[in-house]
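Here the structure is a predicted model, which means the values were calculated and not measured. Just so it is clear: chains get the letters A, B, ... in the order the sequence lines come, proteins before strands, and each one is counted from 1.
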There are 2 protein chains.
Amino acid sequence: MAKGVNLKELSHRLNLSQTTVSRALNGYPEVSAETRRRVAEMADQLGYAPNSQARRLATGRSMAIGHVIPRSIHEMMNPIFLEFIAGAGETYSKHGYDMMLSVVDDAYEEDAYRQIASRKKADGVIVHGPANDERRHLLLKKLNLPFVVHGRIPGAETETSWIDMNNRRAFERATNLLLDLGHTRIALLNGLEHMDFAHRRRRGFEDALAARGLSPDPALLRSADMTEPYGCENALAMLGGDNPPTAFLVSSMISAIGVARGIGQMGLKTGKDVSIITHDDALSFLPNSGEVPIFTCTRSSVRYAGQKAAELLLAMITDPASEPASLHMDAELIIGQSTGPAPARESQNIAAEN
Amino acid sequence: MAKGVNLKELSHRLNLSQTTVSRALNGYPEVSAETRRRVAEMADQLGYAPNSQARRLATGRSMAIGHVIPRSIHEMMNPIFLEFIAGAGETYSKHGYDMMLSVVDDAYEEDAYRQIASRKKADGVIVHGPANDERRHLLLKKLNLPFVVHGRIPGAETETSWIDMNNRRAFERATNLLLDLGHTRIALLNGLEHMDFAHRRRRGFEDALAARGLSPDPALLRSADMTEPYGCENALAMLGGDNPPTAFLVSSMISAIGVARGIGQMGLKTGKDVSIITHDDALSFLPNSGEVPIFTCTRSSVRYAGQKAAELLLAMITDPASEPASLHMDAELIIGQSTGPAPARESQNIAAEN
DNA sequence: GGACGCTTTCAAAGCGTTTTGGAAAAATAT
DNA sequence: ATATTTTTCCAAAACGCTTTGAAAGCGTCC
């Protein structure tokens, strides 16, 4: 309704001191029920809302969480990231925090963190997409800026707070499923393997193979940005080769869709001639959740991860003395239409079947 | 380096007043070159960075742009949105602005705008995904909060600042291309038509048909959230019907991929048996840009739109007296592999061919 | 009837900037 | 040598809130 009413004006109208009004509004105990009521009423009537800059200056807390994202679009700056953000944003709103996004040139990423710390732009940050040679956590520790990692930083698992899915285990289980179905020539279309999550997925894949005495064929391993054409092109190339795979393990639904397209173009049938298992981040615009999902998948809600990461961070900010905490989530393995038994070709030597 | 140096401390070390130091750092003219140099040097050495909250309070400008996004995921909260955000974010960083994202329950959307205004959380906002019965602009005008619309608000085109692509014309041209190729049974898989952009696309489609004396078959019109299954399911349903379409006009690459999948499942070939034209927002993880793109498309970079919208808004904030401005962009019509002449079936009456 | 405790209120001092209104110093003009 | 302008700097007042430290009011206990 009314505009520009500040605390001074409001307290003046009430014949009260700013102190009392402030206390009344912020729920401090040392103010009588009657005054509190009066204050609330008048505040409502005049449409008073505290200026956030002033409050932030006075309290020394910025009530904002920073997310810095490098401008170049790699693995991270993709729909998965958005879904995570959405989840985190919900939590922030619920707790009265703001979300601050900084899109910066790659070269200025470190600078962005420094500024957040020195100019007090945020009370904490979320670190996205940790790489194998991650260093951001060192900087953040130095800056004394609370943070939570989405993913894990190799070698720093115990000294940082993070939330991650069990990537290794998910891909191990997926690979086992394919092996159980009789597939032995399995292609892995992974994300960029300098990223921690992709690295772990690779390990899960290899571990599962190794457990059955198999080792991956380098000709069937790929690592790249998870686009749709990436899936299609590699499916075409591999299926057109002399010793084609009978199954694909894919790191992202988007690429899996590409693989399916490639399979179709070769005149083959997904789930019959060639199997696909993909990881499914439960993105809202790529639902894979029918009664029988299109893709057999390992599924883990990245939106949920966002919510939890935010909660973790907020708790850290509230209690700075708290120990690093972490949340390790297991992905569900969900059977869909894209997998089936390995086609019986020139009987490959699958001896160790039980 | 050093931490917690504030202006007082810094000026003390320099034997200068806060005024002078502030002026030197902010590039005001009334300070000698020599002092400016000294100040800069010491500031650098002590790692001084002005506290943003304090600065904001003093200047009365929050140096932030707000984006409020309702929590429910409709047309908007999708990768297209992210790409727009990325574009806008680049511009903000370049100009020293922060981006503030608010993810709120749908019921609190209006509240979010009110808070941004009353608590001075942002100097302006971007309005995303205007609907046919849009009302947010009225609220924002009342709140006196500068804003730029991504898209157009029907009926308020001249009194608001906006940036949009020419949706109607893009779909008109796309439809004409199909008509020129001999297609007359064209399906339209549109976005949610209570959104302005979808509504315009529909009009472009209908106008093109009407110009050739044709009218759309209601059985071939769909409007929904632009997911992948949406494309596939409708392709299957329509192609399985008695009078199937020979071409699909689709509002999003994601759904177009679904359509292609459906076509494949029917044992048909995209670009030969059935044509597809889609709108392509130039999303980074869905490249459609090979020498001959997979999909014939109308293309318009939504990231660029984000940059421009941000520039527009920043200009409005700098000069509040400025008139509403707008940017109307035409989409490119790009020929890819997904279109071809209409298959000669039981010779439909295509008389008006020239 | 004074000391004590409890509740309720307040004046004033921050928080860390920018900005206003001068003033001292230096340069230029008369 | 004095008057006038220009350059360079400063002390203090915002900005709008929270918080500290103190005091007023009031009932109660010896």
Side-chain angles (χ1 to χ4, degrees), chain A residues 2-40 42-43 46-64 96 98 115-121 123, chain B residues 2-40 42-43 46-64 96 98 115-121 123:
Chain A
K3 63 302 186 114
V5 203
N6 59 15
L7 187 58
K8 186 151 96 182
E9 170 80 8
L10 174 62
S11 53
H12 196 74
R13 293 279 283 262
L14 283 160
N15 268 331
L16 285 172
S17 73
Q18 298 193 26
T19 310
T20 307
V21 176
S22 171
R23 295 216 142 125
L25 257 24
N26 290 324
Y28 282 72
E30 55 274 87
V31 48
S32 75
E34 165 61 10
T35 354
R36 192 188 299 280
R37 197 195 51 69
R38 269 182 63 219
V39 170
M42 181 69 82
L46 299 185
Y48 169 77
N51 178 302
S52 19
Q53 329 296 352
R55 181 200 288 247
R56 285 165 177 178
L57 178 56
T59 60
R61 313 208 305 153
S62 73
M63 295 301 282
D98 289 332
Q115 291 223 353
I116 288 176
S118 63
R119 318 182 94 114
K120 305 275 163 49
K121 286 193 170 194
D123 297 328
Chain B
K3 60 313 188 94
V5 202
N6 58 15
L7 187 59
K8 186 151 97 184
E9 170 80 8
L10 175 60
S11 52
H12 196 75
R13 293 280 282 264
L14 283 160
N15 268 333
L16 284 173
S17 74
Q18 297 193 24
T19 310
T20 307
V21 175
S22 172
R23 296 217 140 124
L25 256 23
N26 290 325
Y28 282 70
E30 55 272 88
V31 47
S32 75
E34 164 61 9
T35 8
R36 191 187 301 279
R37 196 196 52 69
R38 269 182 64 219
V39 170
M42 181 68 82
L46 298 186
Y48 168 77
N51 178 302
S52 15
Q53 328 296 351
R55 183 201 287 248
R56 284 164 178 179
L57 178 57
T59 59
R61 313 208 305 154
S62 72
M63 294 303 282
D98 289 333
Q115 291 222 355
I116 290 176
S118 64
R119 319 181 93 114
K120 306 274 163 50
K121 286 193 169 191
D123 297 328

Task: Distance below 4.0 Å between Thr19(A) side-chain N/O and dT9(C) OP1 or OP2 - done: no

Task: Nearest-angstrom distance from the residue atom CZ of Arg56(A) to C1' of dC15(C) - done: 14 Å

- [ ] Write down the distance between NE2 (His12(A)) and C1' (dC10(C)), rounded to a whole number of angstrom.
- [x] 15 Å

Open item on the list: Students often get this wrong, so: under 4.0 angstrom with heavy atoms, is Thr59(A) touching a base, only sugar-phosphate, or nothing?
Closed with: sugar-phosphate

Task: Distance, rounded to the nearest Å, where Leu25(B) contributes CG and dT18(C) contributes P - done: 8 Å

TODO: In whole angstrom, give the distance that lies between atom CG of Leu10(B) and atom C1' of dT18(C).
DONE: 15 Å

Task: DNA chain D contacts made by residues 26-37 of chain A, counting heavy atoms under 4.0 Å - done: Asn26(A), Tyr28(A)

Would you mind writing out the side-chain donor-acceptor pairs for residues 22-33 of chain B within the sub-3.5 Å range, not counting sequence neighbours?
from     : atom 1 : to       : atom 2 : distance (Å)
Asn26(B) : ND2    : Ser22(B) : O      : 3.2
Ser32(B) : OG     : Thr35(B) : N      : 3.2
Ser32(B) : OG     : Thr35(B) : OG1    : 2.3

Open item on the list: So, using side-chain contact (heavy atoms from CB on, under 4.5 Å) as the criterion, who are the partners of Arg61(A) when residues are at least two apart?
Closed with: Thr59(A), Met63(A), Tyr97(A), Asp123(A), Ile317(A)

- [ ] Give, for atom OG1 of Thr20(A) and atom CG of Asn15(A), the distance between the pair rounded to the nearest 0.5 Å.
- [x] 11.5 Å

Open item on the list: With each end axis built from five pairs of C1' atoms, what bend angle do you get for the helix from dG1(C)-dC30(D) to dT30(C)-dA1(D)? Round to 10°.
Closed with: 60°

TODO: Please figure out whether Thr20(B) or Leu57(B) has its closest DNA chain D nucleotide nearer the 5' end.
DONE: Thr20(B)

TODO: Select base, sugar-phosphate, or nothing to describe what Arg23(B) touches, counting heavy atoms under 4.0 Å on all strands.
DONE: base

Task: Atom-to-atom span, CG of Leu7(B) to P of dC15(C) - whole angstrom - done: 13 Å

TODO: Could you list where the contact with chain B starts and ends along DNA chain D, reading 5' to 3', using a 4.0 Å heavy-atom cut-off?
DONE: dT8(D) to dG16(D)

Open item on the list: I'd like to know if Arg13(B) and Glu9(B) make a salt bridge, using a cut-off of under 4.0 Å between side-chain N and carboxylate O.
Closed with: yes

Report all side-chain donor-acceptor pairs from residues 48-56 of chain A shorter than 3.5 Å, counting only partners two or more places apart or in another chain.
from     : atom 1 : to        : atom 2 : distance (Å)
Asn51(A) : OD1    : Gln53(A)  : N      : 2.8
Asn51(A) : OD1    : Ala54(A)  : N      : 3.0
Ser52(A) : OG     : Arg119(B) : O      : 2.6
Gln53(A) : NE2    : Lys120(B) : O      : 2.5
Arg56(A) : NE     : Ser62(A)  : O      : 2.9
Arg56(A) : NH2    : Asp98(A)  : OD2    : 2.6

Open item on the list: Minimum heavy-atom separation for Leu46(B) and Val5(B), please, with both atom names.
Closed with: O-CG2, 3.1 Å

Task: Gap separating the OG atom of Ser11(A) from the CG atom of Asn6(A), nearest 0.5 angstrom - done: 8.0 Å

Task: Distance below 4.0 Å between Ser17(A) side-chain N/O and dA11(C) OP1 or OP2 - done: no

Open item on the list: Classify Gln53(B) by what it touches in the nucleic acid, base, sugar-phosphate, or nothing, heavy-atom distance under 4.0 Å.
Closed with: nothing

